[in-house]
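Following: one structure in C-alpha cells, then a few remarks.
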Protein chains: 2
Amino acid sequence: MATISDVAKLAGLSVSTVSRVINNSPHVSPKKRALVKGAMDQLGYVPLPAARQLRGSSSKSLAVVVPRIVNPFFSYLIDSIERTLINAEFNTIIVQTFGNKNQELGALELLKKQQVDGVILCSIENQWSVIKEYLKYGKIVLANEYLKDLPIPMIYANQYKGLKSGTEYLLKQGFSRIAYATGRKKLSIALLGSDFDSDRFHGFQDALQEAKLSFNSNWLFYDAHTEEDGNEILMEIKNMTNKPDAIIAGSDEVAAGIVEAARNNGISVPSQLGVLGIDDQPMSSKLNIPLSTIRQPVNEMGVKAAQLMIAELNGDIERNIKPLDLKVISRNSA
Amino acid sequence: MATISDVAKLAGLSVSTVSRVINNSPHVSPKKRALVKGAMDQLGYVPLPAARQLRGSSSKSLAVVVPRIVNPFFSYLIDSIERTLINAEFNTIIVQTFGNKNQELGALELLKKQQVDGVILCSIENQWSVIKEYLKYGKIVLANEYLKDLPIPMIYANQYKGLKSGTEYLLKQGFSRIAYATGRKKLSIALLGSDFDSDRFHGFQDALQEAKLSFNSNWLFYDAHTEEDGNEILMEIKNMTNKPDAIIAGSDEVAAGIVEAARNNGISVPSQLGVLGIDDQPMSSKLNIPLSTIRQPVNEMGVKAAQLMIAELNGDIERNIKPLDLKVISRNSA
DNA sequence: ATACATTTTGGTATCGATTTCATAAAATTA
DNA sequence: TAATTTTATGAAATCGATACCAAAATGTAT
C-alpha cells in the first residue's frame with residue numbers, strides 16, 4: 001500500500017505539500033499540485049482513514065440501528081435514511097441488534113471508538129440511563145421510537161392519533177367489539193407511562209370511550225410480532241365464547257397471520273372478523289384479502305431523521321419537531 | 001476520551017504494560033494486571049481502533065455488497081451472512097450499491113483503506129477487470145453471482161438446473177407456449193457466455209428443446225425488475241396476437257406484477273396465463289393467487305458465503321464448491 | 001536597490017496504540 | 001554463592017497522516 005511519503009518521494013516533494021494537495025488547502029503552486037496528483041494516480045494512492053482519524057478528523061460515518069433488516073418497515077426506513085445521508089456525503093453503517101441489548105451497546109461503542117460521528121436509533125433495547133452515557137462521545141437521534149423528556153432530537157409518528165383514527169374507522173365500518181394486539185410484553189403496558197405503544201393503546205382506548213364503548217381486557221393480546229403470532233391469536237379468538245368482531249394488529253405481519261388463519265378456519269374476513277393492520281408494508285396491498293391498515297410515514301421519518309442528525313452535527317439544535325401523521329388505508333380486511 | 005497513557009498513569013505503570021494487558025500477552029504479574037484492569041474500568045477505556053489499525057492490526061470487519069436491502073432476497077441473504085459472521089466475531093458492514101457502479105467501487109476501496117478484511121459481493125456492477133485489482137488488498141468472495149474462471153471463491157445456485165426444472169414443471173402442467181422475462185438489458189443476453197442469467201436462459205431453452213418445442217423470441221422480455229415492469233409485461237402480452245400461455249418471470253416481484261395486472265385486465269391465472277416466479281419471497285405464498293415459483297437457497301447461500309470468506313481469510317482455499325439447488329414450489333399461479 | 005509582505009515549501013512533533021530492545025528483578029542451576 | 005535463565009517492566013521507535021513553525025522564494029512598495 002502506497003503511503004503519503006511514497007507519493008512525496010515520487011513527486012520529489014515533502015509530505016507536507018502532498019498533504020496540502022490531499023486536503024486542497026491553499027498555498028500550493030499549480031505546478032507542484034499537478035506533480036502530486038500525478039504521483040497519487042500513478043500509485044493508486046488513497047489516504048488511510050485510520051491515520052487521518054488519529055489526527056482527529058471526523059469519520060463522516062453514521063450508524064443506523066434497527067432490530068432486523070428483514071423487517072420491511074426497517075429496511076425501508078434505512079433506505080430513506082441512507083439516501084438522505086448519501087447526499088450529505090455521510091457513510092451509513094447499518095447495525096442490526098437482532099433484539100439483543102449488547103448489539104445495541106456495540107453500536108453506541110462505535111461513538112466511543114470514533115468509528116461514527118452519530119447514531120440514529122430506530123429502536124431501543126437498553127435503558128435510557130445507559131444510553132445517555134454515550135452522549136459524551138457523539139450525537140444520538142431517535143427515530144420511530146419515542147421516550148418522554150429526552151434531551152435529544154426525536155422524530156416519530158403520532159401513534160396516539162393514528163390509532164384513534166384507525167379505531168374510529170373501524171367503528172364507522174360498524175365494528176364495535178374491537179380486540180387489540182400489541183408487540184409489548186404483558187407487564188409493561190400497564191406500567192409504562194406515555195411511550196410508544198401505550199400511546200397507541202391510549203388512542204385506541206380514547207376512541208372507544210368517546211363512542212361510549214368499553215374494552216374487554218380478554219381481547220388484549222401481548223407479545224405479537226410475527227405471522228405465527230397472528231395465527232395463534234386467531235385460534236384464541238376462535239375458541240372464545242365472547243368473541244370480538246374486529247381486531248387491530250400491532251403490525252401488518254401479525255394482521256396477515258390473523259387473516260391467513262381465519263381463512264384456514266373458515267372465518268370470513270371482514271364480515272365475521274375485521275382486521276386492521278399497522279405499517280402498510282409493500283405486501284399488504286397484494287394479499288389474498290388486501291389489508292386495511294394504518295400507514296406509517298416511513299419515508300418522511302427516514303428523511304427527517306437523517307436531516308435531524310445532520311443538523312445536530314452542525315450544531316443546529318432543532319426544537320419542536322412535529323410528529324408525523326399516520327393514515328388509515330381502507331382496503332378489504334376491515 | 002481516555003487513552004492508553006491515561007490508563008497507564010492511573011495505574012502507575014507504563015503504557016507497555018497496559019498494552020500487554022489489553023492484548024493479554026504473557027509476562028505480566030497478576031498484581032499489575034489487576035491494577036491495569038481496574039484503571040481501565042474506572043476510565044471506561046476502550047482502545048481506539050484507528051490507532052491499532054495504524055500498527056497493522058486487522059479490522060475484523062467484512063463488507064457485504066448488495067443492490068438494495070429493501071429487496072427481500074438480499075435482506076434475507078444478508079441476514080444469514082451476518083448471523084454466520086457474528087459467530088466468527090466479524091463485524092458486518094452492509095453496502096448498498098443502489099445499482100451504482102461507483103458505490104460498488106466504494107465498497108472495494110474499503111479494502112484499500114483497510115477498513116475491511118474482505119468483501120462479499122452479492123451482485124456485480126463493474127467489470128471483473130476492475131474488480132480484480134482489489135485482490136491485492138484483501139479477499140473477495142462472490143455470492144449469488146457467478147462468472148466463469150475466476151480465481152476467487154464463488155457460491156451460487158445452479159440456475160441452469162433450476163430453470164430447467166421450472167420449465168419442465170410448466171410443461172408437465174400442460175403449458176407449451178412459454179414466455180421468459182429477464183432482468184438483463186437487451187444486448188447482453190446474446191453476447192454473454194456462461195454467466196448468471198444466460199445460465200438461467202439456457203436451462204429454459206434446453207428444457208424446451210428436449211420437449212421439441214421452439215421458443216418465440218417475441219416472448220422474451222428484458223430489463224424486468226419491479227412490479228411495474230411486471231404490469232407492463234402483461235400489457236404487452238395482452239396486445240399480442242400470438243400469445244404465450246405461460247411466463248417465467250425473473251423474480252417474484254415481476255411475477256406478482258404480472259399476476260396483479262392480469263387480474264385487473266380480466267385475464268385469469270393460471271388458466272389463461274401461467275406465471276412462474278423465481279426466489280420464493282416471503283410474500284409469495286400470501287398473494288391473492290399464491291405464486292408458484294422457483295425457490296432460491298438463500299439461507300444456505302448466505303451461510304456458505306460467510307464460511308468461504310472466513311476460510312479464505314484463514315488461508316484455507318476451498319476448491320470445488322458445489323452449486324446449490326433451486327427448488328420448484330408448486331402453488332396456484334402455474 | 002532595500003525593506004517588507006506574501007506565497008510556497010519543508011522539517012518535525014503529534015495523534016494512540018504496538019513492538020522491539022534494554023534493563024531490572026526473580027527464579028533456577030551449577 | 002556465583003552464574004545463568006526466565007520473567008517482569010519501561011523507554012522509545014514506529015505506523016500514516018496533519019498542522020504548526022521556520023525557512024526559502026517570490027512579489028510589492030518605497
Side-chain angles (χ1 to χ4, degrees), chain A residues 1-40 43-61 109-117 137-138, chain B residues 1-40 43-61 109-117 137-138:
Chain A
M1 273 303 313
T3 73
I4 195 173
S5 12
D6 297 331
V7 175
K9 211 167 294 168
L10 182 59
L13 293 163
S14 72
V15 292
S16 318
T17 304
V18 177
S19 176
R20 285 189 196 99
V21 173
I22 294 169
N23 301 284
N24 47 55
S25 24
H27 306 313
V28 178
S29 69
K31 208 177 288 181
K32 317 267 169 170
R33 189 178 294 274
L35 261 171
V36 170
K37 291 222 162 142
M40 296 200 321
L43 296 170
Y45 168 78
V46 186
L48 197 71
R52 312 184 84 169
Q53 226 174 280
L54 200 50
R55 294 289 315 186
S57 85
S58 110
S59 65
K60 271 288 193 177
S61 294
E109 286 284 325
L110 292 176
L111 288 172
K112 227 193 224 182
K113 298 192 274 183
Q114 295 171 235
Q115 316 258 67
V116 299
D117 301 335
Y137 309 115
Chain B
M1 275 302 316
T3 72
I4 195 173
S5 13
D6 296 332
V7 176
K9 213 167 294 169
L10 182 60
L13 292 163
S14 72
V15 292
S16 320
T17 304
V18 177
S19 176
R20 286 190 193 97
V21 173
I22 295 170
N23 301 283
N24 46 56
S25 24
H27 306 312
V28 177
S29 69
K31 207 177 289 180
K32 317 267 168 166
R33 190 178 294 273
L35 260 171
V36 171
K37 291 222 162 140
M40 296 201 319
L43 295 169
Y45 168 79
V46 185
L48 198 70
R52 313 184 82 167
Q53 226 175 279
L54 200 51
R55 293 290 313 181
S57 84
S58 111
S59 65
K60 270 289 193 177
S61 295
E109 287 284 323
L110 293 175
L111 288 172
K112 228 192 221 181
K113 299 192 274 184
Q114 295 170 234
Q115 316 258 68
V116 299
D117 301 336
Y137 309 115

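Just so it is clear, the structure is predicted and the values come from calculations on it, not from any experiment. Values below: all heavy atoms of this structure, side chains included; hydrogens, waters and symmetry mates excluded. Each chain gets a letter, A, B and so on, in the order the sequences are listed, and its residues count up from 1.
Expressed to the nearest 0.5 Å, how far CZ of B:Arg52 lies from OG of B:Ser59 amounts to 12.0 Å.
Protein atom CE of B:Met1 is 15 Å distant from nucleotide atom P of C:dC15, rounded to whole Å. D:dA17 atom P lies 9 Å from atom CG of B:Leu54, rounded to whole Å. Residue B:Gln114 contributes atom CD, which lies 8 Å from atom P of D:dG16 at whole-angstrom precision. Rounded to a whole Å, the NZ atom of B:Lys9 is 13 Å from the P atom of C:dA17. D:dC20 atom C1' lies 15 Å from atom CG of A:Asn23, rounded to whole Å. If you measure from atom CZ of A:Arg20 to atom C1' of D:dT18, you get 10 Å, rounded to the nearest angstrom. When rounded to the nearest whole Å, the span between CG of B:Asn24 and P of D:dA8 equals 14 Å. Rounded to whole Å, atom P of D:dA17 lies 21 Å from atom CZ of B:Arg52.
Of the residues in residues 27-40 of chain B, those lying under 4.0 Å from DNA chain D by heavy-atom distance are B:His27, B:Val28, B:Ser29, B:Lys32.
The phosphate of D:dT14 (OP1 or OP2) has no side-chain N or O of B:Arg55 nearer than 4.0 angstrom. In this structure, A:Thr17 reaches the C:dG10 phosphate: one of its side-chain N or O atoms is under 4.0 Å from OP1 or OP2. Listed pair A:Ser14 / C:dG10 meets the phosphate criterion, a side-chain N or O lying under 4.0 Å from OP1 or OP2.
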Atom pairs and distances, side-chain donor-acceptor, residues 24-40 of chain A, under 3.5 Å, sequence neighbours left out:
{"from": "A:Ser25", "atom 1": "OG", "to": "A:Arg20", "atom 2": "O", "distance (Å)": "3.2"}
{"from": "A:Ser29", "atom 1": "OG", "to": "A:Lys32", "atom 2": "N", "distance (Å)": "3.4"}
{"from": "A:Arg33", "atom 1": "NH2", "to": "A:Ser25", "atom 2": "O", "distance (Å)": "3.3"}

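A donor N or O paired with an acceptor N or O is not found under 3.5 Å between the base of D:dG16 and the side-chain atoms of A:Ser5. For a distance-only test at 3.5 Å, the side chain of B:Ser16 qualifies as a donor-acceptor partner of the base of D:dA11.
Contacts of A:Thr3 with the nucleic acid, taken as non-hydrogen atoms under 4.0 Å apart, involve only primed sugar atoms and P, OP1 or OP2.
A heavy-atom distance below 4.5 Å is found between the side chains of B:Met1 and A:Gln114.
Neither side chain, B:Ser16 nor B:Ser19, offers a donor N or O lying under 3.5 Å from an acceptor on the other.
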